[in-house]
Structure formats: structure tokens, C-alpha cells
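Values below: all heavy atoms of this structure, side chains included; hydrogens, waters and symmetry mates excluded. Bear in mind that the values here come from a model prediction, so they are computed numbers and not experimental data.
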Amino acid sequence: MRTITQVAILALLGGAGAGWHFYADKLGVPAPAQLLGLQPAQQQARGGGPVGPVGVIVQPVRVAPVVERVESVGTVRAREAVTITSKVAGIVETIRFTEGQLVPAGETLVQLDAAALRAELDQARALLDDARNQLVRARQLQAGQTIAAQRLETLEALSRQAEGRVRQAEARLEELRVIAPFAGRVGLRAVSPGALIQPGTAITTLDDTARVRVEFAVPEVHLARIRVGSGVTARSNAYGSRRFLGTVAVIDTRIDPATRSVRVISEFDNSDEALRPGLFLTVELVLEQREQALLIAEEAIDPVGDRAFVFVVRDGRARRQEVRLGLRLPGEVEVREGLNAGEPVVVRGIQRLRNDLPVRVTETLTRPTS
């Protein structure tokens, strides 16, 4: 009872510290750690002074290439796409394509009834032949000065008019032939032989899908790092794990004020025609690629507010080092400033460390921790 009373009085006067140990020695009272049953290593864990180097696990800063990307969504569009229509009204005489067929540029797709225009063309050609014959005879007579110069000029004008009527009839006849403006694959047809169509009536579609375009939006903060020719990777749920590789072809000249983003058009080779117009894609745009990036384990980071620190083992001591972080990867983070390649960074045991504390390396990891 007497001993307990003495301990209580000493605790009120000075608590732990040098005074405590002085009186404890005089009175024969056990030290606080002994009263609590703590061992020396446990004293450090409870906030006491260190009794030796702290065991830590380190991993050297490794060098590896990293690729910084931004993800977006887009829709496949044909490089060239058009709805095939007729310029003039007419009766469908023949349909010369099969749905889904690959056709060359200039191929006749639909022929409209041209009987009346062929007759007009024949008549125009006959008038042209007559006008030319009269002009030839007039020029022969002019050599003997048996025809007036004014008459010769009139016949030359009539000949040119006849030529114009022939070309006009040929042009009108050509309008009755609906052709493919470029090479591509035709879609489903919307008319049948014998149907009367008007200008603008949809006949079928034509898409050039040998190369396709994908349009997507990128936040304006990345504008300075977008380049024509940058790599683009796309994927679709329709094709599982397959990846399609393309490049940036066009960057819009304006920023959308509503979304604060810029439109980007990329082009993809589509020789197997796997990418169909209208297909939804998830797109990854390469912003920057660094071949000699410095990487450390994510668990080595000791964040303080908006700053980041790590502990580097130098000369047997833990040195607290501020770092500037870059790209985050699964289980790792890029260090842009503050470290050098190969430096041993503490990845486990940082909770017990403070700057300049003696440490003992118990294990050195050679691979990422996750």
C-alpha cells in the first residue's frame, strides 16, 4: 500500500522522464515499461525512443516504358458514305446490283427507262449530220466565191447548235443511268423494277469501308498533347478482347463551349470489314509515351495534403524525400522528379519511420508488389 501511494505522488509531480527514473531508483519502484510488462521493442511501438535499426522492406526504383492515354467513346463511320438517289424522275428499267455487293466507281446500279430520250438523241444526231453536210458544201462553194460569207456564217452557227442539242440529249440520257460515285459496298435496295421514282428517292446506300473513321471527344486539358498521327486503340463488346489500331487523322479547329472538349477523328484500316458504320467503340488515345520512366510501388507513397513523400534508404538511414508523381499504373506510380533509377525505396514499414531514422533492410523486392 505504501509503494502504490508513492507511485501516485511521483506521477502527479513529474510523470515519465528523467525525474521519474531518479525517484524510482531511490524508492525501488519499477519503471513504467516494467509496470506495463512491455519489452524494449514494444516501447518503440508505443512511442518510446528507438532501441535499434527498424527492419524495412525496400524495392529499387525501376525503369520501364509507360504510355499515357485518355479514354473516350466513339461511333464508326465509313470514310465515304452516300444514299444513292436519281437526279430525274423515271421508271426503273433494270437493277444491276446485288445487295451487299462490292462495286467499283462508275458502276451502273440502276437504269431508268430511256426509250424516249434515245429517240430524241437519234433525231439530234440526224440534224447534226445534215448541218455538217450543208456546212461542208458551203465551204466548197466559198472557194469559187459562189456563196455569200453571211450564209456560210449562218450554216456554221446551225452546225454548232446541232452539236449542242446532241450533247444535251446525251447528258439527259446519262442522267437515267444511276452510277456508283466511288468504290464501296452497296446496302439494301429500296426500289423494284417498274417503280416510278422521283428525284431524291432513296434507291440504296453505298459505303466505302476499306478504311473507316471514328469520331470522339477529348477534354480540352489534353489539347496541347494531341497530335495528328498519334496512335489510337479501339475495342468493342462485339469483338471481345480484340483491339483495333488506328491513328489520329483530323483535330477540330474549335472547342465545344458546352462540353469543353475537342472533336478528334481517327482512321482505322478495315480490310476485313469488321468495323461496320454505326458500331459503338471505346477509344484510347495515346497522349505521350516515355521509354525511360521511373516507377515505384504505390504503397511506398506517403501523402501529405497535395504533396507526396517516400523514404529512401541511404547510408543505413531512412531519408524522407519529396517526389512529384506522374502516371498511375496498376500497383505502381511514375515518379517524375525526386528519385534516381535503382535507389532503394521503402515499400513496407513506412508507418514506423521518420526522417533520418536508422533502418535495417530485411528484404529487397525485385518485382512490382502487385
So, do [X] and [Y] sit near enough that their side-chain heavy atoms are less than 4.5 Å apart?
| X | Y | value |
| --- | --- | --- |
| Pro60 | Leu365 | no |
| Val61 | Val345 | yes |
| Leu327 | Leu329 | yes |
| Val346 | Val313 | yes |
| Val304 | Phe309 | yes |
| Val218 | Leu223 | no |
| Val56 | Thr362 | no |
| Val232 | Val214 | no |

Which atom of [X] lies closest to which atom of [Y], heavy atoms considered:
| X | Y | result |
| --- | --- | --- |
| Ile197 | Ser86 | CD1-CB, 3.7 Å |
| Val347 | Ala297 | CG1-CB, 3.8 Å |
| Ala202 | Val191 | O-CG1, 3.9 Å |
| Phe182 | Leu206 | O-CD2, 3.3 Å |

Answer yes or no: does atom [atom1] of [X] have more than 12 heavy-atom neighbours from other residues, nucleotides or ligands under 6.0 Å?
| X | atom1 | value |
| --- | --- | --- |
| Arg276 | CZ | no |
| Glu99 | CD | yes |
| Gln198 | CD | yes |
| Arg242 | CZ | yes |

Once rounded to the nearest 0.5 Å, what's the spacing between atom [atom1] of [X] and atom [atom2] of [Y]?
| X | Y | atom1 | atom2 | value |
| --- | --- | --- | --- | --- |
| Leu353 | Asp302 | CG | CG | 9.5 Å |
| Leu339 | Leu295 | CG | CG | 11.0 Å |
| Thr75 | Leu279 | OG1 | CG | 8.5 Å |
| Ser261 | Arg263 | OG | CZ | 9.5 Å |

**OP:** Let me see the working for Val110 and Leu112 under side chain to side chain contact (heavy atoms under 4.5 Å, CB included), right down to the final yes or no.
**Re:** CA-CA 7 Å; Val110 172; Leu112 301 182; 4.1 Å; yes
Quick test of your reading: applying side chain to side chain donor-acceptor pair (under 3.5 Å), list the pairs with at least one residue in [range], sequence neighbours left out, ordered by first then second residue.
| range | answer |
| --- | --- |
| residues 201-212 | Arg79-Asp208, Thr209-Glu273, Arg211-Glu267 |
| residues 171-181 | Thr108-Arg177, Glu120-Arg172, Glu174-Arg177 |
| residues 110-119 | none |

**OP:** With sequence neighbours excluded, give me every salt bridge (charged side-chain N to carboxylate O under 4.0 Å, His left out) pair touching residues 305-315.
**Re:** Arg307-Glu322, Arg314-Glu343
Donor-acceptor contact present, side-chain [X] to main-chain [Y], <3.5 Å:
| X | Y | answer |
| --- | --- | --- |
| Ser72 | Ala217 | yes |
| Arg320 | Ala318 | no |
| Arg360 | Val54 | no |

Please set out all donor-acceptor pairs under 3.5 angstrom arising from side-chain atoms of residues 233-240, sequence neighbours excluded.
from	atom 1	to	atom 2	distance (Å)
Ser236	OG	Ala238	N	3.1
Tyr239	OH	Ala274	O	2.5

Original post:
Listed by chain and number, what are the side-chain hydrogen bond (donor to acceptor under 3.5 Å, both in side chains) partners of Gln351, not counting sequence neighbours?
Top reply: none
Original post:
Could you go step by step and tell me if Val248 and Leu285 meet the side chain to side chain contact (heavy atoms under 4.5 Å, CB included) rule?
Top reply: CA-CA 8 Å; Val248 174; Leu285 169 65; 3.4 Å; yes
Between [Y] and [X], is the closest basic N to carboxylate O distance under 4.0 Å?
| X | Y | value |
| --- | --- | --- |
| Arg328 | Glu298 | yes |
| Glu68 | Arg290 | yes |
| Glu170 | Arg125 | yes |
| Asp356 | Arg319 | yes |

Subject >> Working for side chain to side chain contact (heavy atoms under 4.5 Å, CB included), residues Val310 and Ile301 >> reply: CA-CA 5 Å; Val310 298; Ile301 302 299; 3.8 Å; yes
